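What follows is a short report on a single structure.
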2 protein chains.
Amino acid sequence: MLIAEVSEKFELSQDTLRYYERVGLIPRVNRKNSGIRDYTEEDCRWVEFIKCMRGVGLPVETLIDYVRLFQQGDETLETRKELLVEQHKELLIRMADMQKVLERLEGKIDRYDQMIGTAHQITGFSPVNFVESKGK
Amino acid sequence: MLIAEVSEKFELSQDTLRYYERVGLIPRVNRKNSGIRDYTEEDCRWVEFIKCMRGVGLPVETLIDYVRLFQQGDETLETRKELLVEQHKELLIRMADMQKVLERLEGKIDRYDQMIGTAHQITGFSPVNFVESKGK
DNA sequence: GCTTGACTTGGAGTTAACTCCAGAGAGTAA
DNA sequence: TTACTCTCTGGAGTTAACTCCAAGTCAAGC
């Protein structure tokens, strides 16, 4: 598979694909005689995996570590697992934070709805204290 | 309240607090005669709010818009609400993505557990296909 | 009056993660 | 052969969001 096809398939620019390979986010892709990249199915799976993980913000550094460990073979199974467990933990924390913000936004939106509904009656009422001061 | 106290209280560097104000992430803080910032409770609430929103990745640009709209008064209530609704929507999307990744990581971790448990029996078994090829 | 420490401003520097570019080579089409 | 298209590499440039720095001000303590 040529880089143009992989780029199309995963909606990643060719530059990004080359960058991923250069920094070690995916293992080195084989070249044809002419030096042109020829992506295998396996390569594509790596691309998809990395795109997915980057998509939710796993750090490039960490993913590079994972790929490096992977290439070192079975001795690193434990370490790789621990790396994944750590990332799983981080994700959980971030999702909990987001859940909190989600609820906070909902509260704020509700209050805006109320204010908009009665906006003409209560002129001079400061939105500052009403909206911002709740749940300091 | 002095900048040092606010910095301490919210665990944001003084530079970050000044930066937030400079770019409009929080409204302008009043100064004493000597020119030194004197944060009110209201200012602190803004700092907390912005820290919280930035913490889950809402873009600086968007939050600046929100603050700007806020300062324009009641005419922007509707717009502000829409902005919050949009961010709420985005958060939901991101959380759904993260949920998927969470499950994917769990699957991967399970497979690593299996492999580690039987690592001595199955020598020569390639982790590449076993771990990476599932659920292409 | 002088030193010290916290604060000010404007502007430059940093970091992460791409993104773009110049110059060159290979393969195909006329 | 010439032109065109796709790709290559190494390196420079960009963007977002801080982070650091130099030079200066001010209030308090000695």
Side-chain angles (χ1 to χ4, degrees), chain A residues 1-40 43-44 46-68 87 90 94 97 101, chain B residues 1-40 43-44 46-68 87 90 94 97 101:
Chain A
M1 226 176 167
L2 293 176
I3 197 168
E5 305 172 78
V6 179
S7 165
E8 175 86 5
K9 181 167 182 179
F10 296 108
E11 297 178 290
L12 289 170
S13 75
Q14 300 189 15
D15 272 316
T16 298
L17 287 170
R18 284 187 281 255
Y19 162 74
Y20 279 3
E21 183 179 344
R22 180 161 43 174
V23 300
L25 268 172
I26 60 170
R28 183 181 164 79
V29 174
N30 265 341
R31 318 292 150 113
K32 305 188 204 181
N33 291 343
S34 49
I36 284 176
R37 286 175 181 78
D38 188 17
Y39 290 79
T40 62
D43 293 328
C44 286
W46 273 108
V47 169
E48 190 277 334
F49 174 65
I50 292 299
K51 179 186 171 169
C52 179
M53 297 300 131
R54 286 293 304 128
V56 298
L58 296 229
V60 166
E61 264 306 303
T62 308
L63 293 168
I64 289 174
D65 285 347
Y66 182 73
V67 174
R68 193 175 33 68
Q87 292 310 308
E90 299 281 326
R94 285 172 48 207
D97 288 348
V101 170
Chain B
M1 226 176 167
L2 294 176
I3 197 168
E5 305 173 77
V6 178
S7 165
E8 176 85 5
K9 181 166 181 178
F10 296 109
E11 297 179 290
L12 289 170
S13 76
Q14 301 188 14
D15 272 318
T16 299
L17 287 170
R18 283 187 282 256
Y19 162 74
Y20 279 2
E21 184 179 343
R22 181 161 44 175
V23 300
L25 267 172
I26 59 171
R28 183 181 165 79
V29 174
N30 265 341
R31 317 293 150 114
K32 305 189 204 181
N33 291 343
S34 51
I36 284 176
R37 285 175 182 79
D38 188 17
Y39 290 79
T40 63
D43 292 328
C44 286
W46 273 109
V47 169
E48 190 277 335
F49 175 65
I50 293 300
K51 179 186 172 169
C52 178
M53 296 300 130
R54 286 293 306 126
V56 298
L58 297 228
V60 166
E61 264 305 303
T62 308
L63 293 168
I64 289 173
D65 285 348
Y66 181 74
V67 174
R68 194 176 32 68
Q87 293 311 307
E90 299 280 327
R94 285 171 48 208
D97 288 349
V101 170

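Below, read A as the first sequence line, B as the second, and so on, with proteins coming before strands; counting in each chain starts at 1. Note that the structure is a prediction, hence the values are computed from the model and not measured.
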### Query
Between Pro59(B) and Arg18(B), who's closer to the 5' end of DNA chain D by nearest nucleotide?
Pro59(B)
Atom-to-atom span, [atom1] of [X] to [atom2] of [N] - whole angstrom:
| X | N | atom1 | atom2 | value |
| --- | --- | --- | --- | --- |
| Leu25(A) | dT19(C) | CG | C1' | 15 Å |
| Asp38(A) | dC8(D) | CG | P | 10 Å |
| Ile64(A) | dC18(C) | CD1 | C1' | 12 Å |
| Ile36(B) | dA6(C) | CD1 | C1' | 7 Å |
| Tyr19(A) | dC8(D) | OH | P | 18 Å |
| Lys32(B) | dA27(D) | NZ | C1' | 10 Å |
| Glu21(B) | dA17(D) | CD | C1' | 17 Å |
| Tyr20(B) | dT19(D) | OH | C1' | 12 Å |

### Task
Classify the nucleic acid contact of Arg22(A) as base, sugar-phosphate or nothing, counting any heavy atom under 4.0 Å across all strands shown.
base
### Query
Within the structure shown, what part of the strands sits under 4.0 Å from Arg37(A) by heavy-atom distance: base, sugar-phosphate, or nothing?
sugar-phosphate
### Query
Is atom CD of Glu5(B) surrounded by more than 12 heavy atoms (other residues, nucleotides or ligands) closer than 6.0 Å?
yes
#### Entry: Glu90(B), CD: over 12 other non-hydrogen atoms inside 6.0 angstrom
yes
### Query
Does the side chain of Thr16(B) get closer than 4.0 angstrom to OP1 or OP2 of dT19(D) through an N or O atom?
yes
### Query
How about Tyr39(A) and Leu17(A): do any of their side-chain heavy atoms sit closer than 4.5 Å?
yes
### Query
Does Asp38(A) use its side chain to pair, donor to acceptor, with the backbone of Met1(A) at less than 3.5 Å?
yes
#### Entry: Closest to the Leu2(B) side chain, choosing from dG27(C), dC21(D), dC7(C)
dC7(C)
### Query
With respect to the side chain of Gln14(A), which nucleotide from dT7(D), dC21(D), dC7(C) is positioned closest?
dT7(D)
